[in-house]
Every structure is written in structure tokens, then in C-alpha cells.
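What follows is one structure encoded as C-alpha cells, with my remarks underneath.
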Number of protein chains: 2
Amino acid sequence: MADVKPIGKALFLREEELRRGIELMFFAYRDFTGEADWILAEKAMGRAHHRAIYFIGRHPGITVSNLLNILCITKQSLSRVLSGLMKDGYVIQKPGVTDRRQRLLFLTKIGIAFESRLTSMQARRFAAAYRGAGVDAVDGFQQVLHRLLDIDTISQMSQQDRLANE
Amino acid sequence: MADVKPIGKALFLREEELRRGIELMFFAYRDFTGEADWILAEKAMGRAHHRAIYFIGRHPGITVSNLLNILCITKQSLSRVLSGLMKDGYVIQKPGVTDRRQRLLFLTKIGIAFESRLTSMQARRFAAAYRGAGVDAVDGFQQVLHRLLDIDTISQMSQQDRLANE
DNA sequence: CTTAATTGGTCAGCATGGCTGACGTAAAAC
DNA sequence: GTTTTACGTCAGCCATGCTGACCAATTAAG
């Protein structure tokens with residue numbers, strides 16, 4: 001890691017600046033997820049449940065395999081979480097219409113309410129940060145985050161967007 | 001990507017935009033940490049080891065309690081990780097000079113090499129994203145991330161900066 | 001000097017949430 | 001009719017959080 005010096009408006013790609021980015025990611029993600037953990041603990045749930053609830057709420061009728069692709073965990077791990085969520089009445093399954101092997105996932109009323117409670121908390125944090133930083137900063141934020149993604153993730157996200165706009 | 005675009009310079013804090021931020025954080029953090037996990041797996045280590053190595057490398061001579069404050073875990077959890085790292089020769093302890101109860105933490109030669117290998121991987125990812133996005137985007141990225149932090153974390157980070165500049 | 005507070009380690013036990021391997025079942029595809 | 005796909009499930013392993021309790025060395029306060 002060389003100690004490259006900035007010239008004029010050039011980028012500061014010194015180790016120090018890059019480490020700052022790494023640390024900001026670490027702390028921001030920790031604080032961003034930590035807030036929801038409190039609510040989840042009330043219901044004896046963890047982040048795994050949160051992620052499942054979030055993406056089922058985001059893509060109602062998502063298949064198990066699609067959810068697996070998003071979460072990048074094994075089906076055994078997901079299965080444990082999903083069975084818990086169904087037992088507790090947050091999630092229901094319906095057989096697929098075109099392919100009846102599929103079990104399409106939906107949030108129940110209380111699932112929707114719970115998802116909304118969790119997401120609105122995190123959304124408030126983002127809204128405050130966005131408002132404070134301004135439009136241009138938000139744009140830069142999203143640009144950089146997007147460029148931090150693996151190429152696989154990028155195509156995966158745009159695929160989801162396509163599904164969402166059907 | 002949502003079809004609705006901001007008009008002029010006004011911020012659109014619609015749910016869609018906020019959810020996009022939430023998801024970008026999730027995926028970016030996943031990809032950002034996932035890369036290092038591969039290397040860590042070779043050495044039979046996990047993220048906990050990575051975090052400890054990173055912050056010891058960042059703040060050589062850090063005390064255990066300071067490291068605990070950064071990581072926000074219990075000393076029992078950290079102790080397990082630290083003993084492993086010392087057993088494997090990545091970390092050493094030295095008694096504090098002013099307060100001999102303290103055990104100041106340092107990376108060994110191989111600890112430094114390993115930290116550098118891990119960090120330079122992540123730094124490369126950041127450098128590429130930063131270069132692609134440009135100075136202004138990077139500034140916005142850092143601004144927004146900073147505003148996503150808890151107030152406690154903000155003061156903690158600036159405190160670390162002060163220590164680093166001694 | 002004695003006592004209390006601080007710094008840190010450690011043992012025991014528990015929960016969550018990843019993982020693998022193996023096996024089962026229903027439906028679709030060929 | 002056989003094979004592949006989509007999904008569930010059982011059993012067990014590992015990493016990494018947690019709590020409570022207890023111990024040792026050292027420092028600070030009375």
C-alpha cells in the first residue's frame with residue numbers, strides 16, 4: 001500500500017483514507033443493524049429472522065430458492081428460520097401456480113406489521129442521514145456502495161428490480 | 001432502480017429510496033466482508049479474529065479494555081479470540097509502562113503480514129470503488145456513513161483518531 | 001498500611017446461526 | 001418411466017455472541 005499523495009482535486013487513495021472507509025463501513029453497519037436487534041430480542045428472534053422477513057416483505061411470493069440466492073446461506077439454515085417464522089405466524093406458504101413444487105412465501109398481517117416496524121426504524125436512520133448530508137452526498141453514497149458490490153451481486157440486484165417492477 | 005427520479009435538487013425520501021439504501025448496505029457489507037472470509041477460512045479463523053487483528057494493527061499497543069470498547073463484545077468473547085491469536089503467534093502482549101496491570105497488544109511479524117494481506121484486499125476494493133465514483137461521491141459516501149453512526153460511535157471514533165495522532 | 005477499585009484472565013454453560021451430509025417427497029421435464 | 005428440480009428435514013459440528021462467577025495483579029484512595 002503506497003503512500004500516494006493527492007494532487008489538487010485528485011483522490012486521496014492513501015492507506016489512511018482507505019482505512020477510514022473500511023472502519024466507517026464496520027461501525028455504520030454495526031450501528032445500523034444493532035438498533036433492530038433490540039426489537040428482535042423482544043420476540044426471541046435474531047438477524048437471520050430479520051433478513052428473511054425483510055426480503056419476503058420486499059418480494060411477496062418469493063420462492064425459497066430465490067430467497068436463498070439473496071441471503072447466500074444454505075437451505076438448512078434458512079429452513080430453520082422459516083419454520084420458526086411460520087410457526088409463530090409471521091410467514092405463510094402458498095404453492096406456486098405455474099410450478100406447484102414451489103412454496104411461495106408471504107408475510108401474514110402480523111408479519112407485515114412487524115416488518116414495517118423494523119424497516120421504518122432503519123428507514124428513519126437513513127432518512128436523517130440523507131437529509132443531513134444532502135442530495136449530492138446521497139448520490140455519492142449510493143454510487144460508492146454500488147461499486148463495492150461483487151459483480152454477481154450487481155446482476156442479482158438488478159434482477160430483483162426487474163421482478164419488483166412486474 | 002426506481003423509476004421515480006428526484007426533481008431538481010430536492011431529496012426524495014420515499015420508502016423506495018430508503019429501502020434501496022438499506023439493501024445496498026446489506027449487500028455491500030456482505031460482499032466487503034465475504035472476500036476476506038475466504039482467506040480467514042484457510043487459517044481456520046473467523047471475522048472475530050479479523051476484527052481483533054485489524055484494530056490491533058491499527059492501534060499498536062492498544063489495551064484490552066480499549067479494544068473491548070471498539071468491538072462492543074464481552075471480555076470473555078474477546079479473550080477466547082485473543083488467546084487463539086497469541087497461541088498461533090499473530091499477537092503478543094507487553095505489560096503497560098505506566099500501568100503494569102494493562103497488557104498492551106501488538107501484532108507479531110506474521111500478524112502484521114496477515115493483517116496487511118487482509119486489509120490490502122479490502123483496500124483494493126475501496127480504491128477501485130473510490131476511483132470509479134470520484135472525489136465528490138467519496139465525500140458523500142463518507143458523510144452519509146458518518147451520519148448513520150450512533151452518537152456514541154462518533155465520539156468513540158474521534159477519540160481513536162486522537163490516540164492515533166499521538 | 002489497609003482497603004477498594006481497576007485491568008485482565010478464565011471456567012462453565014447457554015443460544016444463535018452458520019455449515020455439511022444424507023435422506024425423503026412431490027412435481028416437472030425429458 | 002427415469003431423471004432432475006424444489007423443497008423439507010434430521011443429525012451433528014463449529015464459531016461467536018452471551019451471562020455469572022471467581023481469581024490475580026496492580027493501582028489508587030482512605
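When reading the values below, keep in mind they use all heavy atoms of this one structure, side chains included, and skip hydrogens, waters and symmetry mates. The shown structure was predicted, so the numbers you read here are calculated from the model rather than taken from an experiment.
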>> When you compare the side chains of T153(A) and D150(A), does any donor N or O come within less than 3.5 Å of an acceptor on the partner?
In response: no
>> Rounded to whole Å, please give me the gap between CZ in R47(B) and C1' in dG18(C).
In response: 10 Å
> Between M45(A) and S65(B), which is nearer to the 5' end of DNA chain C once each is assigned its nearest nucleotide?
Replying inline: S65(B)
>> Going by the rule side-chain hydrogen bond (donor to acceptor under 3.5 Å, both in side chains), which residues pair with T74(A) if we only count those two or more places apart in sequence or in a different chain?
In response: S77(A)
> Who passes ring pair (Phe, Tyr, Trp, His ring centres under 6.0 Å) against Y29(B), sequence neighbours left out?
Replying inline: Y29(A), F32(B)
> Does H49(A) make a side-chain N or O approach to OP1 or OP2 of dT16(C) shorter than 4.0 Å?
Replying inline: no
> Sub-3.5 Å donor-acceptor pair from the side chain of S120(A) to the main-chain atoms of R117(A), do we have one?
Replying inline: yes
> Do E17(A) and Q142(B) have side chains that get closer than 4.5 Å, going by heavy atoms?
Replying inline: yes
> Which is the 5'-most and which the 3'-most nucleotide of DNA chain D that has an atom under 4.0 Å from a heavy atom of chain A?
Replying inline: dT5(D) to dC10(D)
>> I need the CG-C1' distance between D99(A) and dC30(C), as an integer number of Å.
In response: 15 Å
> Is there a residue in residues 27-44 of chain A whose heavy atoms reach under 4.0 Å of DNA chain C, and which residues are they?
Replying inline: none
> Tell me, which of residues 68-79 of chain A have any heavy atom that sits under 4.0 Å from an atom in DNA chain D?
Replying inline: K75(A), Q76(A), S79(A)
>> For residues 66-88 of chain A, which residue pairs pass the ring-ring contact (aromatic ring centres under 6.0 Å, His included) check, not counting sequence neighbours?
In response: none
